[in-house]
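What follows is a short report on a single structure.
Both counts, for ligands and for their atoms, begin at 1 and track the order of listing. Residue numbers start at 1 and run along the sequence shown.
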Amino acid sequence: MSSGTVFTIAVNPKIPGRLARLEELANNLWYSWDRSTRSLFSRLDPRLWGAVEHNPKAFLKRVDESLLLKAAEDQVFLAHYNSILSAYDSYHSEPIRNGSTSGLHPADQVAYFCFEFGFHESFPIYSGGLGILAGDHCKAASDLRLPMVGVGLLYRQGYFFQTIDNHGNQQVAYTDSDFEDLPVAPVLRANGAEVRVEVELPQRKVVVKVWQAKIGHVTLYLLDTDLPENSVDDRDITHQLYGGDRANRIEQEIILGIGGARALREMEIKPTIWHINEGHAAFMMLERMRDLVQQGLDLASALEAVAASTVFTTHTAVPAGHDHFSNDMMSTYFEGFYRELNITREMFMEWGRVPGNHDFNMTGLAIRGSRFHNGVSKIHGDVSARICKDLWPQIEPEENPIAYITNGVHVPTFLAQEWTDLFDRYLGHEWRSNICDEKYWSRIEAIPDHLFWSVRQTLKSQMFYGIRARLGTQNSRNHGSEAHLDRLLRFADPINPNILTLGFARRFVTYKRATLLFEDLDWLRRILLQHDRPVMLIFAGKAHPADVPGQDLIRRVSQIARLPEFEGQLLLVEDYDLRLARRLVSGVDVWLNSPIYPLEASGTSGMKAGINGTLNLSVLDGWWGEGYNGKNGWAIKPGPENMSPSLRDKEESKDFYETLQDHVVPLYYSRDKLGYSPGWVKMAKNSMMSLLPRYNATRMVTEYTKNFYVPASRQGALYSDDNFSGAKKIAAWKDFVRRAWGGVAIRRLDTPRKRINFGDALHFDVAMRLNGLQPEDVIVELLVCRQLEKSTLCEYKHFRFEFTGMEESGEHLFALNLTPDLCGKLDYYIRAYPYQPLLTHPFEMGMMIWL
Ligand SMILES: *Cc1c(COP(=O)(O)O)cnc(C)c1O
């Protein structure tokens, strides 16, 4: 129709009483990892299920009444429905483990802040790895019954839809989510009114509405400014994830950090542990400090109290990737704040200062406002310690407080259904409660090889079905002929999924080097096109709309894929999202990753692949640096960091080609009489056995709990109890130490000996000028290590000096008696640093002097 006004009305089906709880199932993201729940919806109307992008809530609002009525009488459907409810209820009836089992106190609660959360494709408030990791953290916290709430933003536009045209240009389409279709609901007060908080922005206040989503046991609170009370511009603050300008970004971060802390307070949720996942949420600390200062605490003590209970996880491996804002912008937005706290602009800016950059750095703020910090793999922990080393100027990066907790993925979400079924049959249902037990998983060995192989082939076949559908849509939209489509799909044969298939899917950003395998096209041709041993390469991924080099990579992949000789063997599939990710990681045979070392902080897609028996072939960077054990995939050793980028690309691509031609292809195609490759199965089993128990989110959240949440709860209580006496004490002590430290000096009094016999005692004497500090304010120690162990990163042994008295000159004397228990050439050092038992990390002051 083109004349007249369109009036619209939504006619929602009435859910029959017997199926009433479908609504509950659609409103809990439990469905994002429970495939059986998803298949219940899809079973009602598969066509509609596809049309609503696998979104249960949208589905229930549109499904035909007649289908619901029929299902309510269908015994088979009801049996499926009831079995799901029984699993759902037993999952949710188990109480939260606040108490001795988790090591937390009954009143403890974690608040987990992140800029994006990815649970399922039906809930598009994520962009990539960071969001999916945050989603997995919530899911595992729910599985572990950890007392935790999440805090994020509710975007109308999260993940964009990607299409790729015939020239390889990425086209971006954003669609607004209808919040009625998302598994969220407004948080209501006891009187039925919606919970709202206000946040000050320059010359105005913005009203923020609080929504909630259920992730099993975990509640995620999502903030939204799209309200009639706000100006048109302010309504847009939370409109789009990573889409706006710098002003939009700082406003989003203010809403998340400051609005998030206020929202929790408004709902009377009192977290004792605050975790910010990446620096975007670091303004949260400012709000907590402001609150404490308003209650009468001095600023320095407020900072200590806030930091002691705060955990900060960094995910970035390049300094430029850390979020920062100009000082002018910071003044515009925080002028009122530093006035309120009665501090100068300079003092305020100091919190975000990092050497070599004038801007206010969110990582700087996050580190100063937290006492527990980590990177997301061993390599990345070291890299982050180096990037942030100047925040602890006198501490060596290896010893500074940046630790690491390696990421993990949520197994029920990413492990394919076929594996779940096979495990139930061969390992028994209890594999679910043994997720982290490495010994337990050796039982995979007992699965018959041919069955194992056939599961892998089935998964590949399903992936081919999915890809064929996507490529079909892609082809017809781009006006390709049927003949062209046939040529494209001739190798992706679901009936005979025998071709060795390599997958590369992730964000298109330059450091991930999607086109590394195109360094030498002739060589690539020789590997892919052997007619009895063909190889297929599948690419997928999005580039940020503002990332021009990222989009160039897509064009390059598309260009190579269209070369006649590669047609059908090199596929580029559009619109990478969680659904395609689940398909690809389990369906391809080999998962490729070729980042520039050490820029891949973790790289979780390889974990998703590895737990599904897909073999990783990756540069030893991020998680693979510790995941690779020589038997569970293949590793490319990165060239030295100082090598020129082009030479490094050349060298590393050569390693990739050689590994493929000498190892991967021959192993895959060396078939026994039954038609499968025993060597391949062995390696794939090794991949599952070694990676599943280690790179899962349960292990990750358990480590966060043990290493950070439990200690943060203890420190937080220690600092805040008794009217913040601990925080006041440590703040005053630090202030005193900072003033004195410049005048502290150490000298040795004994004469160093060059040679002794085993069993001889050594005596060390040092004198220290303490400049007003007391002897108990410092630790003087000797570090020793055997020279020949130094190359293999020697573990230094530490010995403490004792205070023995004072010199007339005012110097303090310290002494140590030591009988070395090692023979050989020993290296030793003597050093001193300020110490107080209330400190969270012994080197958090960043001060140390060496002899
Ligand atoms: C796992 C995942 C990622 C992150 O993968 P990386 O290996 O870290 O690049 C990104 N996008 C989607 C859809 C994923 O599922």
Side-chain angles (χ1 to χ4, degrees), residues 32-33 53-54 114-137 139-140 158-162 241-242 277-278 313 315-317 321 375-377 379-380 406-416 463 466 470 503-514 538-544 547 550 553 573-588 590-596 598-612 614 616-619 621-625 627 633 691 695-697 700:
S32 69
W33 67 91
E53 311 279 342
H54 299 190
C114 191
F115 212 49
E116 50 169 313
F117 286 88
F119 304 100
H120 186 252
E121 56 273 18
S122 60
F123 193 15
I125 56 166
Y126 67 98
S127 153
L130 179 71
I132 291 159
L133 178 87
D136 282 2
H137 196 103
K139 291 172 181 177
Y159 221 19
F160 61 84
F161 296 92
Q162 176 203 47
L241 170 61
Y242 302 132
N277 195 41
E278 197 49 292
T313 303
H315 293 261
T316 319
V376 290
S377 67
I379 293 172
H380 180 245
T406 304
N407 285 164
V409 297
H410 189 242
V411 171
T413 301
F414 291 104
L415 186 68
M463 175 200 63
R470 285 207 189 210
F504 183 103
R506 49 182 56 81
R507 253 174 337 121
F508 277 105
V509 283
T510 43
Y511 84 83
K512 298 206 186 221
R513 292 193 297 191
I538 301 177
F539 286 90
K542 295 175 178 175
H544 188 281
D547 180 3
L553 291 172
V573 186
E574 60 190 20
D575 208 30
Y576 183 54
D577 67 354
L578 261 166
R579 175 148 49 126
L580 184 58
R582 286 195 307 271
R583 275 247 156 81
L584 288 176
V585 294
S586 60
V588 300
V590 175
W591 194 252
L592 299 171
N593 196 11
S594 47
I596 299 175
L599 300 185
E600 185 75 300
S602 168
T604 48
S605 60
M607 302 176 184
K608 301 168 193 167
I611 64 169
N612 278 290
T614 299
N616 280 279
L617 162 52
S618 293
V619 170
D621 192 11
W623 81 283
W624 193 231
L691 304 180
Y695 297 94
N696 67 70
M700 169 178 77

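Heavy-atom proximity to G603, at under 4.0 Å, picks out these atoms of ligand 1: 7 (O), 8 (O). Atom numbering of ligand 1 starts at 1 in the shown order; those under 4.0 Å from a heavy atom of I132 are 2 (C), 11 (N), 12 (C), 13 (C), 14 (C), 15 (O). Atoms of ligand 1 lying under 4.0 Å from any heavy atom of A581, numbered from 1 in the order shown and given with element: 13 (C), 15 (O).
Distances between N or O atoms of K512 and those of ligand 1 include at least one value under 3.5 Å. In terms of polar-atom proximity, defined here as any N/O pair under 3.5 Å, K608 does make such a contact with ligand 1. Considering both main-chain and side-chain atoms, T604 comes within under 3.5 Å of ligand 1 through a nitrogen or oxygen pair. Geometrically, ligand 1 and S605 share a nitrogen or oxygen pair separated by less than 3.5 Å.
A distance-only check finds a donor-acceptor pair linking the side chain of Q162 to the backbone of G541 [under 3.5 Å]. Between the side chain of S594 and the backbone N or O of K512 there is at least one donor-acceptor pair closer than 3.5 Å. Between the R513 side chain and the P595 main chain, a donor and an acceptor come within less than 3.5 Å of each other.
The single protein non-hydrogen atom nearest to atom 11 (N) of ligand 1 is Y576 CE2, 3.5 Å, given as residue, atom name and distance. The single protein non-hydrogen atom nearest to atom 10 (C) of ligand 1 is G129 N, 3.6 Å, given as residue, atom name and distance.
F119 does not carry K139 over the face of its six-membered ring by the limits of under 6.0 Å from the centre and within 45° of the normal.
Judged purely by distance below 3.5 Å, without hydrogens or angles, the side chains of E600 and Y511 pair a donor atom with an acceptor atom.
Centroid-to-centroid, the aromatic rings of F539 and F508 stay 6.0 Å apart or farther.
Screening W623, W624, F414 for a ring-ring contact (aromatic ring centres under 6.0 Å, His included) with Y695, the sole residue that qualifies is W623.
Summarising the geometry, atom CG belonging to D577 is positioned 8.0 Å from atom CD belonging to E53; distances are rounded to the nearest 0.5 Å.
The closest approach between a heavy atom of R582 and any atom of ligand 1 is not below 4.0 Å.
Of all the heavy atoms of D577, the ones lying under 4.0 Å from any atom of ligand 1 belong exclusively to the backbone.
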